[in-house]
Amino acid sequence: MELTEIEEKWQREWIKQRVFEADPDGRKKFFITIPYPYLNGNLHAGHTRTFTIGDVIARFKRMKGFNVLFPMGFHVTGTPIIGLAELIAKKDPQTMEVYSRYHDVPLDILTTLTTPERIVEYFSKEAEEAMKAIGFSIDWRRKFTTTDDTYKKFIEWQFRRLKEKNLVVKGSHPVRYCPHDQNPVEDHDILVGDEATIVDYTVIKFKLDGVIFPCATLRPETVFGVTNIWLNPEGRYFLVNVDDEQWVVSVEAEEKLRFTDKNVEIIREVDSSEFFGKYVLNPVTGDKVPVLPATFVDGDSATGVVMSVPAHAPYDYVALKELEKNDEILVRYGIDRSIIESIKPIVLIEIEGFKIPAEDVVVREKIKSQIDHEKLERVTKLIYKKEFHKGVLNQTTGKYAGKKVSEVKDLLVSELMEKKIADVFYEFSVKPVICRCGTKCVVRVVKDQWFLNYSNPEWKQKVMKCLENMDIIPEAYRIEFENKIDWLKDKACARRKGLGTKLPWDPEWLIESLADSTIYMAYYVLASYINSGLIIADNLNDEFFDYVFYGLGDGKKTAEKSGISEDLLNLIREEFEYWYPVDLRSSGKDLVANHLLFFLFHHVALFPPEKWPKAIAVNGYVSLEGKKMSKSKGPLLTMKRAVKKYGADATRLYILSKASHLQDVDWRKKEVENIVNHLYRFIQLAEEMFTGSGPESTVDTWMMSRLNFRIKEVTLALEKLETRDAIHTAFYELMNDVRWYMKRGGKKLLKDILHIWVRLIAPFTPHIAEEVFSWFEEGLVSTASFPEWDESLISKEVEIQENYLISVMDDIREVVSLIKKEDIGGIWIYVAPEWKKKVVESSREWKDPREAMKAIFKDKFMREKGKEVSQLITEVYEGKVNMDFALLDEFTLLNRERKFLENEFKCKVIVERAESPKYDPQNRSKRASPGKPAIYVE
RNA sequence: GCGGGGGUUGCCGAGCUUGGUAAAGGCGCAGGGCUUAGGACCCUGUCUCGAAGGAGUCCGUGGGUUCAAAUCCCACCCCCCGCACCA
């Protein structure tokens, strides 16, 4: 029978018997979810991996006796689907190519996918078919898409509740923005500089006659060491009204400020030279410092006004030195030389190995000019790094003295901001940033934006608490989660464009797509009632959700108001109570810093602790023959195509067996094909085993030991979601065990082993497992019980005996290969004499070889053996003697297996005691060591 | 830069938590068996040397701890991922 036939047959059977439709009952429940896919394309190998892990666990838990709910929905919210519809509508060549070639959309259908609705309809159908074809044990009665009216009601409820808790707040935030398109730009909109991030400079407001000189800096802590400020003598500056203040900024800065949330108005252009030699007030220290010219100042970097800290900033140090020597400039701007000469670097950060850090490195690197950017950039970075991490602030900094720079920085900025003597100026980390349309992008501050208040420390605290009680798989990721929780800032949660739910209190805004996907697992409970028509959108109001999720309110009134029966309402409430919380959420590692984090945040915000998630599992990516997959550019391998080509079981098995959890899987055609062969091998072996029977044999106990050990290994691995190890054990190692058993003449247990084995592999390759299982009994393996192991049958002793035999065979084989003889007449095996065993045995009782020898040589017989004994003792202590083997009754054992050995080597085998060999032409018996008999071959 | 993960034999990957015979397993390669033939399948080998089961080398680099280090500690080099308003 072909594999595809088997697969389709059992998939039909599962649907017919509704095996995966889960409703509450008396059993313990297990609720597992996988992030629903976003429908801007077909499911691919990456989904295949994550989803298959989920399915394997779902199937395993089901067989372990849990009532398992494994549901699936579809994500539609956001802009990419709209973008795709537009691209298809205008027949964008790359899109048409990628979607027909890699997503396998037939061209005649593709050309019709010009609206988001058609795209969603097409890909949701495709996705469901793909997931059925690969045999996922999903309860399909619960599917939905995030643009369903009923789902929108659910999201509205969620956001109203969050707002009530003050977790949705108004604010402004910086985005990359194209002035020409008048739109924020995303990564793929950017022509040049897509690696640029937005960095926030601190602006410190130095004052002169009521005019502010906003000095932009990344090192606000150095404000205590300012000796002067810089303007570029060749740069253009404006005097501008900024809100209710007057600022002097570069012309470039003025332009940028207009995109912020400040009101900006040019008063007049000013010449920087009119300020040189004048004194500005440092608002932090109260010092008055001069304004001086420096050409390194970049008008296109932040405000174009810079504070000078010659003790810690190499640029400033060099510029001052240059100025001091440049009489022409001094004269030109009427700057008194004594001003420069009186400037002394003010050290405010103490760091080992430096006195005045900037001076030290400039001298050491022999930097002569402020235009030597390459060297200056390098040493600037060097000093910054050292000072930030290891530097300690000194008494110059007043109350911050004794603290580390890294500890003080944020605190200092927020204090200065509060006193309104500092501000923020956003700037790109890399320049230029150019939009696809060719326009230079700016940082724009979007005003009156709605935010999820993730920075809220109490909220974070709660998430941390939740995390503490969760299982994180792999455990190494826990620290990553902790870091990300700490790092998470407020997140804008509303958009102008896209698909989704409108913000209920401000319908101009759409709820952003990650924000609407945080607690939707709860919605799966309702979805089956919605899909069966028992509930429609009109039934869903806040009272309904409060009642179902919180048990709040009066049942009768709520039912009345919702327009559904009280019985139904209570049924849904009970079902929610039964399934929630989520026991396991399994996902790709790309979702750690966003979705999974929000998943936790929203759960702790909206649900009591007993409804918080229990576990998160994270897995790596999938690449194709070493190349990264890309939905929009290719290459891509769809789930459907993989299944069609290699079969469901092979695809499942391959993608899980290739790498452990965090590791990325590289999909290689050749290896997948080999897995297909392996499955045929398994079926062939299974057929042999099913019909196999025979008498008891000496290897039966060994086989039982192995089998039980393997069950144990597979079970423990699956409990930890280590699917790779589980597959390895269940398929390869157990198969090797069975082969060895058969080779050794084992027959009796074959059929029984198969009956157990087939259940062991059922979570991974359910179709083949069903087929083989059906040879034995009527029911389905999907609902059969997972094998339990019997610890008492796992026998170390029996396994040692078997390993001993293998080791002896290896030795014989090696000897045979070394003598390079065509025909072997016979093999003589000499088992070590009793006295040697005694030496080995008693050696173990002593701490070191000298003591052992002393003790053993008390025996006269041993003394006579002198050198041999001491040599043996040395070998024991060098670890050359296998203690497990040494204590076996080797003679009996080898004699028992003599026939087997004769068959293996196709010659006669004689086992002798080394004390009294009947035939030993080369006197090899002397070499016999406990656990390692001497061998003679002729 | 910050944070996380990683560097093992031709390749992919175990082993590292808890130091104790490095090289599980797969792919590839070689030899043999089976077969009309090919594929598949089965067996054996695959760091180096070896005409007796042995010896030597070895886990990114350099140090350290230890009787003993792939494993623990320190420093350095290299690779991958995330750094957000995008699903």
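Chain identifiers are assigned alphabetically (A, B, ...) following the order of the sequence lines, protein sequences preceding nucleic acid strands; residue numbering begins at 1 within each chain. What's counted below: heavy atoms across the whole structure, side chains too, no hydrogens, waters or symmetry copies.
Summary of the strand contacts: A:Asp811 and A:Lys658 both lie near RNA chain B, and taking for each the nucleotide with the nearest heavy atom, the more 5' one is attributed to A:Lys658. Each of A:Trp487 and A:His595 was assigned the nucleotide of RNA chain B with the nearest heavy atom; the assignment lying further toward the 5' end belongs to A:Trp487.
Phosphate contact (OP1/OP2 of B:C42, side-chain N/O of A:Arg681, threshold under 4.0 Å): present. Of the side-chain N and O atoms in A:Asn677, none sit less than 4.0 angstrom from OP1 or OP2 of B:A40. Not one side-chain nitrogen or oxygen of A:Thr77 sits closer than 4.0 Å to the OP1 or OP2 atom of B:A87. For B:G54, the OP1/OP2 oxygens have a side-chain nitrogen or oxygen of A:Lys932 closer than 4.0 Å.
Pairing for B:U21 is absent, with no Watson-Crick or G-U wobble pair whose two atom distances lie under 3.5 Å. Across all strands shown, B:G62 pairs with B:C74; the Watson-Crick or G-U wobble distances both stay below 3.5 Å. Under the Watson-Crick and G-U wobble criteria, each requiring two contacts below 3.5 Å, nucleotide B:G28 is paired to B:U46. Taking a pair to require two hydrogen-bonding distances under 3.5 Å in either a Watson-Crick or a G-U wobble arrangement, B:C83 pairs with B:G1. In a base pair of the Watson-Crick type (N1 to N3 plus N6-O4 or O6-N4) or a G-U wobble (N1-O2 and O6-N3), with each distance short of 3.5 Å, B:U57 is matched with no nucleotide.
The interatomic distance linking A:Asp590 (CG) with B:G82 (C1') rounds to 10 Å, in whole Å. Regarding A:Phe74, its CZ atom lies at a distance of 19 Å from the P atom of B:A87, rounded to whole Å. Look at CD on A:Glu475: it is 12 Å from P on B:G5, rounded to the nearest Å. Whole-Å rounding puts the A:Phe481 CZ to B:G3 P distance at 19 Å.
Of all non-hydrogen atoms in A:Pro474 and A:Val618, the two that sit nearest each other are CD-O, 3.6 Å. The shortest heavy-atom contact between A:Tyr99 and A:Gly41 is CE2-CA, 4.0 Å.
For a distance-only test at 3.5 Å, the side chain of A:Asn483 fails to qualify as a donor-acceptor partner of the base of B:G3. Judged by atom type and distance alone, A:Asn594 reaches the base of B:A87 through a side-chain donor-acceptor pair under 3.5 Å.
Within 4.0 Å (heavy atoms only), A:Thr79 reaches sugar-phosphate atoms of the nucleic acid but no base atom. If you check every strand for non-hydrogen atoms under 4.0 Å, A:Asp516 touches nothing.
Here, B:C59 and B:U21 have their C1' atoms 16 Å apart, quoted to the whole Å.
Between the side chains of A:Glu671 and A:Tyr654, a donor-acceptor pair is found at a separation under 3.5 Å.
Identified under the side chain to side chain donor-acceptor pair (under 3.5 Å) test for residues 726-737 of chain A, with sequence neighbours left out: A:Arg710-A:Glu733, A:Arg710-A:Asp737.
Across B:C42, B:C11, B:A52, the shortest atom-to-atom separation from the side chain of A:Arg927 is found for B:A52.
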